[in-house]
Amino acid sequence: MAPIIKLENLSKKYGSFYAVNHLNLEINKGEIFGLLGPNGAGKSTTILMMLGLTEPHSGQATVCGFNATTHPIEVKKRVGYLPDTLGFYDNSTGLENLVYIAMLNRQDTGSATQKAKELLTRVGLKNDMHKKLAAYSRGMKQRLGLAEVLIKNPEIIILDEPTLGIDPNGVREFLQLIRKLSKEEQLTVLLSSHNLHQVQQVCDQVGLFVDGKLIAKGDIPTLSKELFLEEPFITEVKLYENHTENQSTIKQLLLEVEHVITVRIQPERIFIYCKNDVTSAIAKKLINSNFNIKSLYLREFGLDDIYQRYFEKKNENDKQTIQTIV
Amino acid sequence: MKTISKLYKPLYNTIPNIWIPFQLKGTASINTPNPFWVMVKKEITDHVRSWRFIVLLLLMAITCFGSLYISLGQLSEAINNFKDPNRMFVYLRLLTISDGTLPPFHAVIGLLGPLLGISLGFDAINSEHNKGSLVRVVSQPIYRDYIINAKFISALIIIFTLFFSLGFLLLGCGILVTGLTPTPEEFLRITTFILVSIVYVSFWLNLSILFSIKFKQAATSALTAISVWLFFAIFYQILINMVAKAVIPSTIANPGRIMTYKKFFMGLMNVAPSQLYTDATTSLLAPSVRSLGPLTFSQTIGAIPSALPLRESLLITWPQLTGLVATTIVCFAVSYFLFMKREIRA
């Protein structure tokens with residue numbers, strides 16, 4: 001089966017800066033794909049190029065079998081896009097906003113109104129459809145946005161930071177709604193986010209974006225195995241003693257503790273990567289060996305850590321390859 | 001609201017039908033309106049419901065009827081002035097005479113028209129861009145120029161409706177008060193005058209749309225447009241007069257030199273759109289005007305002070321009309337170009 005979204009060597013340059021750098025990506029029909037990356041990683045630019053709103057510097061984006069740069073209208077007929085700014089008209093009601101978008105998609109007033117009411121009921125805004133948008137909360141606007149992308153009967157929906165600014169409970173509900181709708185309508189969903197844990201809840205596939213490049217792609221188990229499961233815990237220790245002088249002793253000592261995999265020693269702190277939470281065991285070991293602990297804590301993973309670790313691994317691999325070559 | 005949507009119905013049911021031959025087969029049926037007209041309809045609704053339009057409408061209506069009231073009071077005196085070659089044109093006099101308390105109708109339009117144009121256009125693109133609704137609209141399956149065309153056409157429809165209803169209301173009031181009926185000549189002159197006013201206002205409209213594309217903040221574009229208007233309405237003339245006085249040739253210089261001097265500074269004056277508009281309306285509303293530039297003694301000798309037919313008046317003012325239309329088109333073309341080239345992102 002041919003992929004429904006296919007990006008080949010897609011690049012976008014602003015001056016000499018690559019916002020998107022030779023990107024290759026394939027997304028199959030019916031998948032929920034998460035584009036994950038920090039701000040400025042090139043997620044939004046990639047989305048704009050898929051919609052034909054921005055011309056790529058090189059390469060091409062094929063969406064639903066159409067070249068997005070040369071046939072944007074055909075692509076936009078089949079793709080519903082929800083920007084992160086939402087941008088509804090504040091002085092109209094939710095229903096009016098929806099009907100307007102439906103009519104821009106060449107539906108007539110009667111069927112547009114009917115469809116809009118139906119969708120508003122499905123996203124849970126039945127009682128608020130005649131309220132002005134100014135009275136909507138952020139969460140309600142997000143749900144209205146979901147109704148809006150669905151009103152054109154799309155094959156693909158693209159959501160840019162759909163969970164931005166909603167409370168955790170709202171996020172869970174919203175993501176479940178997306179999942180339910182996509183399964184019911186056989187939709188391909190592409191959503192961008194910088195929050196891994198939210199994306200994890202709904203996505204079949206995830207792509208990691210850094211500096212305009214896709215650095216890793218795969219389903220969640222594969223990625224977590226790659227990035228999380230080997231060393232899911234990091235304990236950070238500071239000692240009163242000089243770390244660098246006692247480097248080999250400390251390293252030896254810590255590696256004796258069960259579940260510890262790697263030890264990384266820097267002048268100001270020591271990172272201990274472990275399979276399980278063995279913080280107390282590490283503390284005991286250090287104290288028993290007459291080291292004085294200044295601080296000790298268990299670090300939790302954020303997206304930053306994932307990138308950092310990804311790059312650390314990559315650097316190690318590079319070093320190894322260089323060594324083998326030498 | 002119901003009446004308003006009924007008022008829009010003609011637009012809905014007639015205009016899309018005209019477009020059907022141009023549409024691709026299978027993309028639209030008779031019942032589905034073209035997205036372009038949907039956008040125009042929405043723009044008009046937004047304008048009509050906005051406070052600033054209502055305020056300007058009230059301002060225009062009050063000053064126009066005020067000036068009509070004053071000119072009605074002066075009318076009998078003006079018509080009985082046998083020295084005035086325009087005294088036969090009651091309705092043209094109605095639009096042009098004043099006792100000095102309030103400017104006459106055509107001057108009111110010349111003064112408030114630019115303000116109306118600017119207020120309809122200054123936030124056309126940038127406010128939508130800042131709210132994020134622009135990117136949402138361009139991600140729908142429409143051509144990008146629909147957006148800027150709809151902005152222009154909707155404002156134009158509003159100006160058109162407003163000016164024609166104001167003008168014809170004044171005519172109607174004149175008929176009620178004086179009991180005279182306007183001659184076809186007068187009616188044609190007034191219609192042409194209204195059309196010229198629409199072109200003049202749409203020049204300011206296009207200029208402010210251009211600024212709304214160029215500047216990110218609505219306030220910046222509004223202030224820039226208003227300062228351009230003030231500059232041409234007030235300071236430009238003062239500036240030209242100052243320079244002209246400094247280099248004035250002596251009275252004993254040869255006539256050829258005086259002529260070139262006059263022509264040069266008249267040409268400079270005509271750069272200002274407000275000057276073009278004033279000249280154009282003067283010759284349209286005062287049929288006795290024979291020339292907008294200097295005339296030599298030999299040209300005026302033996303001339304009988306009488307009214308010109310409409311065609312001749314139009315010929316006199318043709319350069320001004322061309323200039324107005326051209327600047328309007330240039331402004332629109334530049335804004336179209338900038339808008340199509342621009343990257344729209346949230």
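In the text below, chain A, chain B and the rest are named by the order of the sequence lines, each starting its count at 1.
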message: Is any side-chain heavy atom of A/Tyr89 closer than 4.5 Å to one of B/Arg136?
response: yes
- request: Mark yes when over 12 heavy atoms from residues, nucleotides or ligands other than B/Glu343 sit less than 6.0 Å from its CD; otherwise mark no.
  value: yes
query: Looking at A/Leu82, A/Val79, A/Ile47, A/Leu86, which has the largest count of heavy-atom pairs under 4.5 Å with chain B?
result: A/Leu86
- request: Could you tell me which portion of A/Thr45 (side chain, backbone, both or neither) has an atom closer than 4.5 angstrom to a non-hydrogen atom of chain B?
  value: both
Within 6.0 angstrom of A/His71 NE2, more than 12 heavy atoms from elsewhere: no
- prompt: Would you call A/Tyr81 and B/Gln140 a side-chain contact if the rule is heavy atoms closer than 4.5 Å?
  reply: no
task: For chain B, find its close neighbours in residues 147-157 of chain A: heavy-atom separation under 4.5 Å, sorted by number, or none.
output: A/Glu148, A/Lys152
- prompt: Could you state the interatomic distance from CH2 (B/Trp37) to CE (A/Met103), rounded to the nearest 0.5 Å?
  reply: 13.5 Å
query: Counting a contact as any heavy-atom pair under 4.5 Å apart, which residues of residues 9-21 of chain A contact chain B?
result: A/Lys12, A/Tyr14
- request: List the atom of B/Ile142, the atom of A/Leu104, and the distance in Å for their closest heavy-atom pair.
  value: CG2-O, 3.9 Å
- prompt: Does a sphere of radius 6.0 Å around CD in A/Glu8 hold more than 12 heavy atoms from other residues, nucleotides or ligands, not counting ones at 6.0 Å or beyond?
  reply: yes
statement: For A/Gly87 and B/Ser133, the nearest pair of non-hydrogen atoms, with its separation, is O-CB, 3.1 Å
task: For residues A/Thr85 and B/Gly132, report the shortest heavy-atom separation together with the two atoms involved.
output: OG1-CA, 3.8 Å
query: Which one, A/Leu51, A/Ile101, A/Ile158, leads in non-hydrogen pairs under 4.5 Å with chain B?
result: A/Ile101
- prompt: For A/Leu53 and B/Ser139, which heavy atoms make the closest approach, and how far apart are they?
  reply: CD1-CB, 4.4 Å
- prompt: Of all the residues in residues 127-137 of chain A, which have a heavy atom that comes within less than 4.5 Å of a heavy atom in chain B?
  reply: none
Quiz: residues 324-334 of chain B side-chain donor-acceptor pairs under 3.5 angstrom, not counting sequence neighbours:
unit_1: B/Thr327; atom_1: OG1; unit_2: B/Gly323; atom_2: O; d: 2.9
unit_1: B/Thr327; atom_1: OG1; unit_2: B/Leu324; atom_2: O; d: 2.8
unit_1: B/Thr328; atom_1: OG1; unit_2: B/Leu324; atom_2: O; d: 2.7

message: Taking atom CZ as the centre, does B/Phe337 end up with more than 12 heavy-atom neighbours from other residues, nucleotides or ligands that are less than 6.0 angstrom away?
response: no
- request: Examine whether an atom of B/Lys131 lies under 4.5 Å from a heavy atom of chain A, and if so say whether it belongs to the side chain, the backbone or both; otherwise answer neither.
  value: both
Backbone of B/Pro35 reached by a side-chain donor or acceptor of A/Arg106 within 3.5 Å: no
